[in-house]
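First comes the structure, then the notes that go with it.
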Number of protein chains: 2
Amino acid sequence: MVKQTLRDFFLGFIKIHILYHAAKEPIYGQKFSDELKRHGYEISFGTLYPIFHKLEGKGLLISKIKNVNGKNRKYYTITKKGNDVLNEARIQAKELVDELFEN
Amino acid sequence: MVKQTLRDFFLGFIKIHILYHAAKEPIYGQKFSDELKRHGYEISFGTLYPIFHKLEGKGLLISKIKNVNGKNRKYYTITKKGNDVLNEARIQAKELVDELFEN
DNA sequence: ATATCAATATCGAAATACGATATTGATATA
DNA sequence: TATATCAATATCGTATTTCGATATTGATAT
């Protein structure tokens, strides 16, 4: 119950993290999901993949299929536009969090 | 377009801020909306009011109608449970933002 | 051939978000 | 007494998002 509430709060944040990680190195769905889980966040593949598609559709990510050990992975990398959005999001996110610690 | 993307990213965050402000003092929809706007965030009343209802339904907020200058306002205050969720959210939010600034 | 396996894609149902419109209820005006 | 006004809240219909479950892909191993 509370867990569901927190997921709701942070789903947007997870989207920012997709951009953040895709800015550091190419990422793919399965692994991103695993790493989220390691940090205590779970997100259904039925939610995650459409998010990737949407971010690519908006031109923030670009994908490239690569075969690794006989498995096809779709690697996403950030675009110039994605980087601009990420930087803006980073600034806003910091402001919002800082405010949570005022008083 | 980018603006819509950023709103999507931050809607969950706005929900945390509702708890945060309701922890400081009783808040009501119209004024919360105005203050968000002052800070550059816009949220439709068709979105905002159901969020208040939902947070109250989950027992994180409690409301009380008060007549001020002949206008009825519904003031929301945080509950004990809401405070617990807020504290957890605050911690998680900080971790997530800090990570955005690593590297 | 076909079974297996990591990975991605998509489905239908439920929930959420949106902008627009309706409702509320107290006061002011006629 | 009616009714106009106004801030504030509520709700409506449509579109979009989220979810868990199921299907598909495609290369390799059996």
Side-chain angles (χ1 to χ4, degrees), chain A residues 1-18 21-22 25-38 41-58 60-77, chain B residues 1-18 21-22 25-38 41-58 60-77:
Chain A
M1 181 65 101
V2 165
K3 200 177 172 189
Q4 155 58 28
T5 301
L6 289 171
R7 170 160 52 182
D8 174 30
F9 285 175
F10 289 110
L11 187 52
F13 237 74
I14 288 174
K15 293 175 187 175
I16 299 174
H17 267 257
I18 289 175
H21 285 288
E25 63 191 339
I27 61 172
Y28 64 99
Q30 194 73 239
K31 182 154 172 239
F32 184 78
S33 166
D34 289 346
E35 294 197 358
L36 272 185
K37 209 172 285 180
R38 277 202 308 114
Y41 299 92
E42 279 199 53
I43 183 172
S44 156
F45 286 113
T47 303
L48 183 59
Y49 285 117
I51 288 173
F52 274 110
H53 301 163
K54 194 120 181 291
L55 291 174
E56 181 167 35
K58 285 177 178 169
L60 309 184
L61 295 178
I62 187 168
S63 70
K64 197 175 170 182
I65 291 174
K66 200 176 162 187
N67 187 279
V68 179
N69 300 331
K71 314 297 173 202
N72 271 347
R73 294 177 184 169
K74 198 163 177 181
Y75 280 93
Y76 289 89
T77 312
Chain B
M1 177 68 99
V2 164
K3 200 177 172 189
Q4 154 59 27
T5 301
L6 289 170
R7 171 160 51 181
D8 174 30
F9 286 174
F10 290 110
L11 187 51
F13 238 73
I14 287 173
K15 293 175 187 175
I16 299 175
H17 267 258
I18 288 175
H21 285 288
E25 63 191 338
I27 60 172
Y28 64 99
Q30 193 75 239
K31 184 158 171 231
F32 183 79
S33 166
D34 289 347
E35 293 197 359
L36 272 185
K37 209 172 285 179
R38 278 202 309 115
Y41 298 92
E42 280 198 52
I43 183 173
S44 157
F45 286 112
T47 303
L48 183 59
Y49 285 116
I51 289 172
F52 274 109
H53 301 163
K54 196 123 180 291
L55 291 174
E56 182 167 34
K58 286 179 176 166
L60 309 185
L61 294 179
I62 188 168
S63 70
K64 196 174 171 184
I65 291 174
K66 200 175 162 188
N67 188 279
V68 180
N69 298 332
K71 314 296 173 199
N72 272 347
R73 295 176 183 169
K74 199 163 176 180
Y75 280 93
Y76 289 90
T77 312

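Chain naming here is simple, since letters A, B, ... match the order of the sequence lines and numbering starts at 1 in each.
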Aromatic ring pairing B/Tyr75/B/Tyr28, orientation class (parallel under 30°, perpendicular over 60°, tilted between): perpendicular
Mutual orientation of the aromatic rings belonging to A/Tyr49 and A/Phe45 [parallel < 30°, tilted 30-60°, perpendicular > 60°]: parallel
Other residues, nucleotides, ligands: >12 heavy atoms within 6.0 Å of A/Asp34 CG: yes
Heavy-atom closest pair, residues B/Lys74 and B/Glu56: CE-OE1, 4.4 Å
Stepwise side chain to side chain contact (heavy atoms under 4.5 Å, CB included) test for A/Ile16 and B/Phe10: CA-CA 9 Å; A/Ile16 299 174; B/Phe10 290 110; 3.8 Å; yes
Could you give the [atom1]-to-[atom2] distance, from [X] to [N], as a whole number of Å?
X: A/His53; N: D/dT18; atom1: NE2; atom2: P; result: 14 Å
X: A/Phe45; N: D/dA21; atom1: CZ; atom2: P; result: 13 Å
X: A/Leu48; N: D/dC19; atom1: CG; atom2: P; result: 10 Å

Dot-bracket encoding of pairs in DNA chain D, which uses [ ] for pseudoknotted crossings and | for another strand, Watson-Crick or G-U under 3.5 angstrom: ||||||||||||||||||||||||||||||
Stretch residues 2-12 of chain B: residues that reach within less than 4.0 Å of DNA chain D through a heavy atom: none
Under-4.0 Å side-chain N/O to phosphate OP1/OP2 contact, A/Ser44 with D/dT18: no
A/Thr77 side chain near A/Lys64 side chain, heavy-atom distance below 4.5 Å: no
Contact check, side chains of A/Ile14 and A/Leu48, non-hydrogen atoms, under 4.5 Å: no
Earlier contact from the 5' end, DNA chain C, for A/Lys71 and A/Ile65: A/Lys71
Residue met sooner reading DNA chain C from 5', once A/Pro50 and B/Gly46 are mapped to nucleotides: A/Pro50
With rounding to the nearest 0.5 Å, note down the distance linking [atom1] in [X] to [atom2] in [Y].
X: A/Leu36; Y: A/Lys31; atom1: CG; atom2: NZ; answer: 12.5 Å
X: A/Phe52; Y: A/Phe32; atom1: CZ; atom2: CZ; answer: 6.0 Å
X: A/Lys54; Y: B/Asp8; atom1: NZ; atom2: CG; answer: 6.0 Å
X: B/Glu42; Y: B/Lys37; atom1: CD; atom2: NZ; answer: 5.0 Å
X: B/Asn72; Y: B/Ile65; atom1: CG; atom2: CD1; answer: 6.0 Å

Interface limits on DNA chain C, where chain B has a heavy atom under 4.0 Å of a nucleotide atom: C/dT16 to C/dA26
Comparing A/Asn67 and A/Ile51 on DNA chain D - which has the more 5′ nearest nucleotide: A/Ile51
DNA chain D: 5'-proximal contact among A/Asn72 and B/Tyr76 (nearest heavy atom): B/Tyr76
Across the strands shown, which category fits [X] at heavy-atom distances under 4.0 angstrom: base, sugar-phosphate, nothing?
X: A/Phe52; value: nothing
X: A/Asn69; value: nothing
X: B/Lys66; value: nothing
X: A/Lys31; value: nothing

